[in-house]
Amino acid sequence: MGLKLRKIVIIGAGHVGTMCGLSLMYRGEVDELVYIDIDREKAYSQALDLDDAVSLLPHQITVRTGDYGDAEDADVIVMAAGVSRLPGQTRLDMLDDSIRIMKEVASHMQGLHIPGILISISNPADIVADYLWMCQV
């Protein structure tokens, strides 16, 4: 019996999502890392950069871009989608943009069978996590 591969999908290939993936790679917590972002070119670029970093690690990791269907066999999904906070803005000021983005993401995930764990790190974190739970994502 072989070892089960650990697949993590990160939704959002911005600063936070990219650093989350990098941290998971360096800690050896992932075997397959998949980025999903509305800006597919950005996600692809980030995946290529992280794939280059993998060559220096002692363990093999596949880093790629994907789509929401990849969530169906992911062990963990990290919600890192959102907009950057502007100077003077609080996390709560980001609520309208965050909920708009979560509605879009939830629409893509409805109907998928997702056996893994969803971790939300999008701001405002508690409100976004509660919203995603209410959407049954």
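From a predicted model like this one, the values you see are computed outputs, not experimental measurements. The figures here come from the full heavy-atom set of this structure, side chains too, leaving out hydrogens, waters and symmetry mates.
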Using only atom types and a distance under 3.5 Å, with no angle test, would you say the side chain of Q60 pairs donor to acceptor with the backbone of V54?
no
Could you check whether any side-chain heavy atom of M102 comes within less than 4.5 Å of a side-chain heavy atom of S122, counting everything from C-beta outward?
yes
Which atom pair, heavy atoms only, marks the closest approach of L86 to Q89?
N-OE1, 2.8 Å
Partner set under salt bridge (charged side-chain N to carboxylate O under 4.0 Å, His left out) for D49, not counting sequence neighbours
none
Can L33 and T62 be said to form a side chain to side chain contact (heavy atoms under 4.5 Å, CB included), step by step?
CA-CA 6 Å; L33 184 61; T62 300; over 6 Å; no
Among residues two or more places apart or on two chains, list those pairs meeting ring-ring contact (aromatic ring centres under 6.0 Å, His included) that have a residue in residues 19-43.
none
For E72, what residues pass the side-chain contact (heavy atoms from CB on, under 4.5 Å) criterion, not counting sequence neighbours?
L112, H113
With sequence neighbours excluded, what pairs up with T65 under the side-chain hydrogen bond (donor to acceptor under 3.5 Å, both in side chains) test?
none
Under the rule for side-chain contact (heavy atoms from CB on, under 4.5 Å), what residues qualify as partners of A71, not counting sequence neighbours?
I77, M109, I114
When you compare the side chain of I61 with that of D31, does any pair of heavy atoms fall below 4.5 Å?
no
Mind checking ring pair (Phe, Tyr, Trp, His ring centres under 6.0 Å) for H108 and listing every partner two or more places apart, or none if nothing turns up?
Y68
When every non-hydrogen atom of V105 is compared with those of M79, the smallest separation belongs to CG1-CE, 3.4 Å
CD1/I8 to CD1/I117 distance, rounded to the nearest 0.5 angstrom?
9.5 Å
Could you check if a side-chain atom of I36 sits within less than 4.5 angstrom of a side-chain atom of D67, using non-hydrogen atoms only?
no
Could you identify which residues cluster with L48, counting Ile, Leu, Val, Met, Phe, Trp and Tyr as linked when any side-chain heavy atoms lie under 4.5 Å apart, either directly or through a chain of such contacts?
Y44
Quick one: does any side-chain atom of D39 pair with a main-chain N or O of K42 as donor and acceptor, under 3.5 Å?
yes
Do I101 and V83 have side-chain heavy atoms sitting under 4.5 Å apart?
yes
For A47 and V63, work out which heavy atoms get closest and say how close.
O-CG1, 3.5 Å
For R64, what residues pass the salt bridge (charged side-chain N to carboxylate O under 4.0 Å, His left out) criterion, not counting sequence neighbours?
E32, D70
Do V76 and V9 make a side-chain contact, defined as non-hydrogen atoms from C-beta onward lying under 4.5 Å apart?
no
Would you list the atom pairs, donor with acceptor, under 3.5 Å between side chains in residues 12-25 and any protein atom, with sequence neighbours excluded?
from : atom 1 : to  : atom 2 : distance (Å)
T18  : OG1    : A13 : O      : 3.3
T18  : OG1    : G14 : O      : 2.8
T18  : OG1    : Q46 : NE2    : 3.1

Check whether more than 12 heavy atoms from other residues, nucleotides or ligands sit under 6.0 Å from atom CG of D52, and answer yes or no.
yes
Taking only residues two or more places apart in sequence or in another chain, which ones pass salt bridge (charged side-chain N to carboxylate O under 4.0 Å, His left out) with R27?
none
Cluster check M94, L92: I/L/V/M/F/W/Y, side chain < 4.5 angstrom
yes
With sequence neighbours left out, what residues match S55 under side-chain hydrogen bond (donor to acceptor under 3.5 Å, both in side chains)?
none
Checking salt bridge (charged side-chain N to carboxylate O under 4.0 Å, His left out) for the pair K7/D73: CA distance, chi angles, key distance, verdict?
CA-CA 8 Å; K7 180 178 178 182; D73 65 346; 2.5 Å; yes
Filter on salt bridge (Lys or Arg N to Asp or Glu O under 4.0 Å), then keep only pairs touching residues 99-111, sequence neighbours left out; what's left?
D97-R100
Taking the side chain as C-beta and beyond, is there a heavy-atom pair between L118 and L132 under 4.5 Å?
yes
Heavy-atom side-chain proximity of L95 to N123 below 4.5 angstrom:
no
same_hphob_cluster(Y131, I38) at 4.5 Å side-chain heavy-atom cutoff:
no
Straight-line distance of S45 OG to R40 CZ, nearest 0.5 Å:
12.0 Å
